Trainee: 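Quick one: structure below, then a few questions.
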Amino acid sequence: MPKILFATSEAHPFIKTGGLADVAGALPIALQKLSCDIRIVLPAYGDVLKQYKSLKTIAEFYLPGTAGIIRIRATQLKRSKVKVLLVDYPAAFARKGNPYIDEHGEPWPDNAERFALFCKVIQLIALDQAKLDWKPDLIHCNDWHSALVPALLKQIPSAPPSLFTIHNLAYQGLFPQSTFNTLGLPSTLWAPHALEFHGQLSFIKGGLVFADRINTVSVQYAKEIQTPALGYGLEGLLQHRRHALSGIVNGIDDSAWNPQTDKLISQNYTSTTLSKKKINKLALQKLYKLPVDKNVLLLGFIGRLVEQKGIDLIIELLKSIRHLPIQFCLLGTGDKNYQQTLSHIAKQNPEQVSFNIGYSEKLAHQIEAGIDIFLMPSRFEPCGLNQLYSLRYGTVPIVHNVGGLADTVIDTTPETIKNNTATGFVFNQPTVIAIRQSINRALKIYSEPKTWKKLVQNGMKAEFTWDKSAKNYLHLYQEILKAHNTKQYSIDQNYKSNERIGY
Ligand code: ADP
Ligand code: GLC
């Protein structure tokens with residue numbers, strides 16, 4: 001079975017800002033169950049070191065251009081035997097807070113240096129030069145923070161191949177040319193067919209140009225990024241690489257997100273004990289200081305307060321819901337203006353709107369279990385995990401018809417109700433009018449308890465397990481390795497015959 005090095009800038013429960021952490025904390029476990037020898041490599045951020053005090057140092061080395069020693073500290077992913085290699089270089093990573101931005105919400109000024117260093121260390125591990133006595137067959141990189149790795153590996157003929165997963169093309173790791181000159185990267189990489197992107201250094205191009213294969217986290221998003229609307233100017237490159245590009249939808253970590261066993265919620269329940277879900281609703285209304293009423297339709301949102309998530313649409317909607325029999329509870333952090341506006345709206349309409357600023361894993365579980373509807377009007381969504389958690393928790397998603405949302409939620413129509421496939425409400429235009437229409441459709445079905453129950457149960461039965469997606473990843477790894485070994489074999493044969501001829 002293949003030896004895989006899984007490179008990521010976040011992984012739950014070590015550090016999490018979004019869905020990448022959920023993926024990195026669960027997919028490797030599912031792959032290990034399929035017999036992969038998989039190790040995760042992650043920066044040793046300050047908050048990680050604080051939580052895991054007695055970490056073993058398993059390697060120490062210097063890198064050209066860095067002043068201090070780099071240490072590889074080892075631990076294991078919770079509830080599994082997946083090894084985690086933490087890249088410990090305090091000057092780059094041992095700072096408190098968010099891995100990417102400072103306390104004012106600005107990117108750390110040395111992000112290019114920090115993640116270039118991370119990539120160089122991954123390169124050393126990939127080449128078995130970090131003294132770990134373990135040489136991976138394939139490097140699986142995720143998002144821009146590890147995207148230089150495929151570019152660095154392609155400079156070395158004997159290096160292992162790589163897979164690059166795009167979790168979000170909107171984040172590319174763009175820096176000025178002057179930064180490229182300071183990173184000590186091969187000068188040949190400064191070219192439009194390499195890391196240069198309109199005069200800037202683009203980390204993500206390292207993955208898009210040089211990885212043996214590329215995938216995104218849903219089939220629909222793999223198509224969307226090949227269009228000008230969602231390709232950010234990279235659509236030409238992605239079209240060019242379309243034969244190497246595919247989509248594999250994310251799954252759910254069953255050990256963390258299961259209403260039957262979830263320890264963070266007030267009352268456990270299943271699809272056959274749905275009346276117990278109401279206990280979570282009442283507890284949530286109390287917690288959120290909303291009028292406690294089991295009959296009112298309770299909507300919710302959890303997420304990063306950024307444009308991607310359609311927060312502006314939610315804000316517009318919330319300004320005009322007084323005549324609707326609904327309540328809304330929100331949890332999120334991000335853009336300060338969005339935070340202020342949402343707090344203001346909640347103050348103006350405390351009977352219907354309640355907003356919690358902050359990041360809370362516990363509250364996220366309580367919301368998923370307590371609400372009736374999860375609203376996800378994302379302008380784009382590579383996969384999205386909250387609609388999957390919602391389905392699992394018997395919470396009906398209302399989603400915009402894009403990316404992973406389009407791939408995972410089935411709209412409620414007379415036909416899908418009849419054939420038991422309806423799982424949510426899908427709208428086509430990212431507008432407040434379209435959201436309202438969906439809410440009205442939801443209110444109508446909510447007033448027919450039998451049909452509503454059917455909808456909820458269909459969603460709870462939908463299969464979004466990591467087991468299924470991990471099999472697709474394993475298949476992709478095997479294809480990459482097969483192609484790589486064939487190529488390597490012919491290079492070796494060529495080399496041998498050239499030797500015989502006497503070159
Ligand atoms: P993205 O990765 O684009 O942020 P996803 O839907 O893939 O979106 O994943 C977001 C993950 O982060 C989910 O697990 C969600 O519950 C979690 N999350 C986002 N914001 C918060 C928050 N403020 N508190 C708790 N969990 C949050
Ligand atoms: C990104 C995307 C999100 C996806 C997550 C995990 O952050 O925005 O849609 O679910 O990565 O793949």
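Start at 1 and go down the list; that is how both ligands and their atoms are numbered. None of these values were measured; they are calculated from a predicted model.
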Trainee: Between His145 and Tyr100, what is the ring plane arrangement, given parallel below 30°, perpendicular above 60°, and tilted in between?
Mentor: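 Parallel.
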Trainee: What pairs of donor and acceptor atoms, side-chain ones from residues 23-41 against any protein atom, are under 3.5 angstrom apart with sequence neighbours left out?
Mentor:
residue, atom, partner, partner atom, Å
Gln32, NE2, Lys81, O, 3.4
Asp37, OD2, Trp134, NE1, 3.0

Trainee: Using a 4.0 Å cut-off on heavy atoms, what residues surround ligand 1? Order them by chain and number.
Mentor: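 Under the 4.0 Å cut-off, ligand 1 touches Lys16, Gly18, Gly19, Asp22, Ile302, Gly303, Arg304, Gln308, Lys309, Leu331, Gly332, Gly358, Tyr359, Ser360, Ala364, Glu381, Gly384, Leu385, Asn386, Tyr389.
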Trainee: Report yes if the distance between the aromatic ring centroids of Phe14 and Tyr52 is under 6.0 Å, otherwise no.
Mentor: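 They qualify: ring centres under 6.0 Å apart.
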Trainee: From the options Gly19, Ala21, Gly403, select the one whose nearest heavy atom is closest to atom 5 (C) of ligand 2.
Mentor: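 Considering heavy atoms of Gly19, Ala21, Gly403, the nearest to atom 5 (C) of ligand 2 sits in Gly19.
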Trainee: Going by heavy atoms in the side chains, are His400 and Ser378 under 4.5 Å from each other?
Mentor: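 With C-beta onward as the side chain, the pair stays apart.
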Trainee: What is the closest protein heavy atom to atom 3 (C) of ligand 2, and at what distance does it sit?
Mentor: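 The protein heavy atom lying closest is Glu381 OE2, 3.3 Å.
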Trainee: Looking at Val23, which atoms of ligand 2 are within less than 4.0 Å of one of its heavy atoms?
Mentor: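 Listed by number with element: 6 (C), 12 (O).
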Trainee: With a cut-off of 4.0 Å, which atoms of ligand 2 are near a heavy atom of Val217?
Mentor: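 Close to Val217: 12 (O).
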Trainee: Donor-acceptor pairs under 3.5 angstrom involving side-chain atoms of residues 236-244: please list them, not counting sequence neighbours.
Mentor:
residue, atom, partner, partner atom, Å
Gln239, NE2, Gln226, O, 2.7
Arg241, NH1, Leu208, O, 3.1
Arg241, NH1, Val209, O, 3.2
Arg241, NH1, Ala211, O, 2.7
Arg241, NH2, Ala211, O, 3.0
Arg241, NH2, Asp212, O, 3.4
Arg242, NH1, Gln239, O, 2.8

Trainee: Within the distance-only criterion (no hydrogens, no angle test), does the side chain of Lys205 pair as donor or acceptor with the backbone N or O of Phe197 below 3.5 angstrom?
Mentor: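 Not confirmed, Lys205 side chain does not pair with Phe197 backbone.
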Trainee: Under 4.0 Å, heavy-atom basis, I'd like to know which part of Asn250 is in contact with ligand 2: side chain, backbone, both or neither.
Mentor: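 For Asn250, the contact with ligand 2 is made by the side chain alone.
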Trainee: Under 3.5 Å between any N/O of Asn168 and any N/O of ligand 2: does that happen in this structure?
Mentor: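 Yes: some nitrogen or oxygen of Asn168 is under 3.5 Å from one in ligand 2.
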Trainee: Tell me: protein heavy atom nearest atom 10 (O) of ligand 2, and distance?
Mentor: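 Minimum-distance protein heavy atom for atom 10 (O) of ligand 2 reads Gly384 N, 2.8 Å.
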Trainee: Would a 4.5 Å heavy-atom cut-off, applied to side chains only, mark Ile166 and Asn215 as touching?
Mentor: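 No, side chains not in contact.
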Trainee: Check for a donor-acceptor pair, side chain of Ser218 on one end and backbone N or O of Tyr221 on the other, with a separation under 3.5 Å.
Mentor: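 The answer is yes, because a donor-acceptor pair under 3.5 Å joins these two groups.
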Trainee: Is the Trp466 ring parallel, tilted or perpendicular to the Tyr473 ring (thresholds 30°, 60°)?
Mentor: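 Correct class here is tilted.
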Trainee: By side chain to side chain donor-acceptor pair (under 3.5 Å), which residues pair with Thr416, not counting sequence neighbours?
Mentor: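 Testing Thr416 for side chain to side chain donor-acceptor pair (under 3.5 Å), a comparison that skips the adjacent residues, returns Thr413.
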Trainee: Only heavy atoms count here, so choose which of Glu10, Met376, His167 is nearest to atom 7 (O) of ligand 2.
Mentor: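 The option holding the nearest heavy atom is His167.
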